[in-house]
Amino acid sequence: MGTAQLLDRRTAGKRLLSLFSATAVAFAASVAFVTGAAPAAADPIERCTPTVGAIVAVDFGPFGGGVVRGCDTTPTTGYELLRDGGFTTEGTRRTLLVGDPCYDELLGSADRAASYRRALGVPGRHRLVVLSSTWGPTSLIGQDPGLAARVLAALPYDEFRVAAIVHPNVWSGHGSWQIRNLLAPALDAGLMLVPHVHAWRSALVAADVVVGDHGSVTLYGAALGKPVLLGTYGSEAVPGTAVAALGRAAPRLDVHGDVREQIVSALATQRPEQFATVAEGAFDRPGQALPRLRTALYDLLGLAEPVPAPPQERFLAEPEETGTRVTSWTVTTTAAPDAVTVRRQPAAVSRHGEDGPGEIGPGEDAAAGRFRHLACDEREPDRRVLESASVLLRGAPAPSAPVGLGWIDETLDRLPGCRLAATALAGGGFLVGLRDGRVVEAAMTGPVTDPGLPATAVYSLLRAGAPLDDATVALRAGARDEDVVLRLRTSSSPDSAPR
């Protein structure tokens, strides 16, 4: 197939998509059931070309009219497509407001946010940041496709997880491969790319904070009482609508500022009722949309509404975990007497750090007890990253201490650049092997199976020249504050020796 034919097929697909979008908006997004209305004068159809604009067609046949077509040379939203295509989107006396079934579903499942977070794989005490993008050049992904990677670089791994909801038109217009290629660094760093058909609703309910644009998902998040930051805001938002009101009320995210501080501030200061007025302007009679629509349809059909009443509302289905396993981290530690503070970021986005390429936060300062290293799970797919790591972690707990010690010896022999190797033990506790042949046994409070945290404590004390035998340190990682008890193992494997 030639380039021109491919372009024609894509253009035709976009026109069909625009027709479908406009039809859906006329019925659903306007939150109205139209029983009859006169069309406005349409713009000339000649203004649209095979490569510019979209054609919107509205069939007034059921109401005694014909098919009226209009053109919009710069379509962005369904509302804007109808308006600039020459059609009125204002209600008449023959319009019945019934509400929004989707919003009703979101409201009905709001108390399952914690369950949905667990289903997405968000650890306890972590916050979920949801990035929401509509479609078009002024959308979040259109304006700043690198934002997801920068947000992941700015947020500590032990405090946050990040998901993205991308409008179906982006998936349709660009395809899965292009979207995933565009977001590749963020996906490698654990970004959860939420399926766009149904799962976005439960993911939005799970969100602790929404970073979005002028799209409807951001509006839904605000109406649910979520803290909202606008990463961008398109000028095509229709004046006088709830989305326009949200654009005036919601704070902007300064993408060049301290992203973590802005998100933490939004979580601490924004209240659930902050956007209540916006929600009241967007959604009529919450919780009643389907019963009212059912009554209206039976009335139009001239039939008595059956008894029993409409079925009871059902909870949204739990979302599926979609994020890629993170297997390498840039780790910054600060050692103080009897305490180590840990900050981990996925290594895949280290070049997106707030301090410039390759930098996340302040660099090393031995005098201040601040050190940085690369830690890798043994399942890290990038050989160069694996061979550059100072700390290697066993992917699964060792079934016994001898097996763990054997793995440590083999790992340190195979990777000469590695300073220490650590494994959890199936029976509890951890083993951390050093390049000089010593082995540290570690025990940690809390339900911990990740060897990365005790290994980080050992690395920090080793770099600071602090004792590793009979030592107890307070380990602080995000909202967690655990005690780590260390002691040197008196005997290791027979082959252990300085390397």
Side-chain angles (χ1 to χ4, degrees), residues 117 120-123 125-134 138-167 170 179-194 200 203-204 206-215 217-218 221-222 226-233 250-270 322-326 328-332 343-361 477-479:
R117 279 193 289 271
L120 286 167
V122 179
R125 294 187 285 184
H126 283 54
R127 299 300 190 100
L128 176 62
V129 179
V130 168
L131 307 179
S132 167
S133 178
T134 187
T138 62
S139 67
L140 190 69
I141 196 170
Q143 286 284 297
D144 194 355
L147 180 62
R150 297 203 307 279
V151 168
L152 281 156
L155 299 178
Y157 181 78
D158 294 294
E159 297 180 49
F160 293 91
R161 291 293 185 269
V162 182
I165 299 172
V166 179
H167 195 283
V170 181
I179 292 173
R180 293 182 178 279
N181 186 59
L182 189 67
L183 298 174
L187 291 171
D188 289 343
L191 176 71
M192 294 177 275
L193 190 55
V194 179
W200 69 267
L204 182 62
D208 289 295
V209 60
V210 177
V211 177
D213 52 20
H214 54 284
V217 174
T218 308
K226 308 289 185 183
V228 171
L229 293 170
L230 295 177
T232 185
Y233 188 79
R252 266 50 174 182
L253 176 72
D254 179 3
V255 297
H256 302 294
D258 188 332
V259 172
R260 177 185 179 276
E261 178 57 33
Q262 294 175 76
I263 289 176
V264 169
S265 176
L267 285 164
T269 61
Q270 291 193 28
T322 61
T324 300
R325 183 198 306 272
V326 178
S328 58
W329 301 264
T330 299
V331 186
T332 303
R343 180 183 173 98
R344 297 192 292 181
Q345 272 88 8
V349 290
S350 62
R351 69 184 184 87
H352 297 272
E354 57 197 37
D355 294 338
E359 296 295 328
I360 299 178

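Judged by distance alone, with hydrogens and angles left aside, the side-chain atoms of Arg117 form a donor-acceptor pair with the main-chain N or O of Ala206 at under 3.5 Å. Using modelled atom types, no side-chain atom of Ser265 and backbone atom of Gln262 make a donor-acceptor pair closer than 3.5 Å. A donor-acceptor pair is defined here as one N or O able to donate and one able to accept, closer than 3.5 Å; such a pair exists between the side chain of His126 and the backbone of Tyr157.
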Might you work through the side-chain contact (heavy atoms from CB on, under 4.5 Å) test for Asp144 and Thr232, ending with a clear yes or no? CA-CA 8 Å; Asp144 194 355; Thr232 185; over 6 Å; no
Would Arg127 and Val209 count as a side-chain contact (heavy atoms from CB on, under 4.5 Å) if you check the C-alpha gap in whole Å, the side-chain angles of each, and the deciding distance to 0.1 Å? CA-CA 8 Å; Arg127 299 300 190 100; Val209 60; over 6 Å; no
Step by step, would you call Val264 with Glu159 a side-chain contact (heavy atoms from CB on, under 4.5 Å)? CA-CA 11 Å; Val264 169; Glu159 297 180 49; 5.5 Å; no
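In terms of heavy-atom proximity, Gly212 sits nearest to Thr218 at CA-OG1, 3.4 Å. In terms of heavy-atom proximity, Val349 sits nearest to Ala189 at CG1-CB, 3.6 Å. Val211 approaches Leu253 most closely through the heavy-atom pair CG1-CD2, 3.9 Å. Taking all atoms of both residues into account, the shortest heavy-atom contact from Val217 to Leu204 is O-CD2, 3.8 Å. Between Phe160 and Ile263, the shortest heavy-atom distance links the atoms CE2-CG2, 4.1 Å. Looking at every heavy atom in both residues, Ala203 comes nearest to Leu128 through O-CD2, 4.3 Å.
Within the 4.5 Å cutoff, no side-chain heavy atoms of Trp329 are placed close to those of Asp158. At least one side-chain heavy atom of Leu193 sits under 4.5 Å from a side-chain heavy atom of Ile179. Contact check for Ile141 versus His167: no side-chain heavy atoms found under the 4.5 Å cut-off. No side-chain heavy atom of Leu120 sits less than 4.5 Å from a side-chain heavy atom of Arg161. Taking the side chain as every heavy atom from C-beta outward, Val130 and Lys226 never approach each other to under 4.5 Å.
Interatomic distance, OG of Ser133 versus CG of Asp213, reported as 5.0 Å (0.5 Å rounding).
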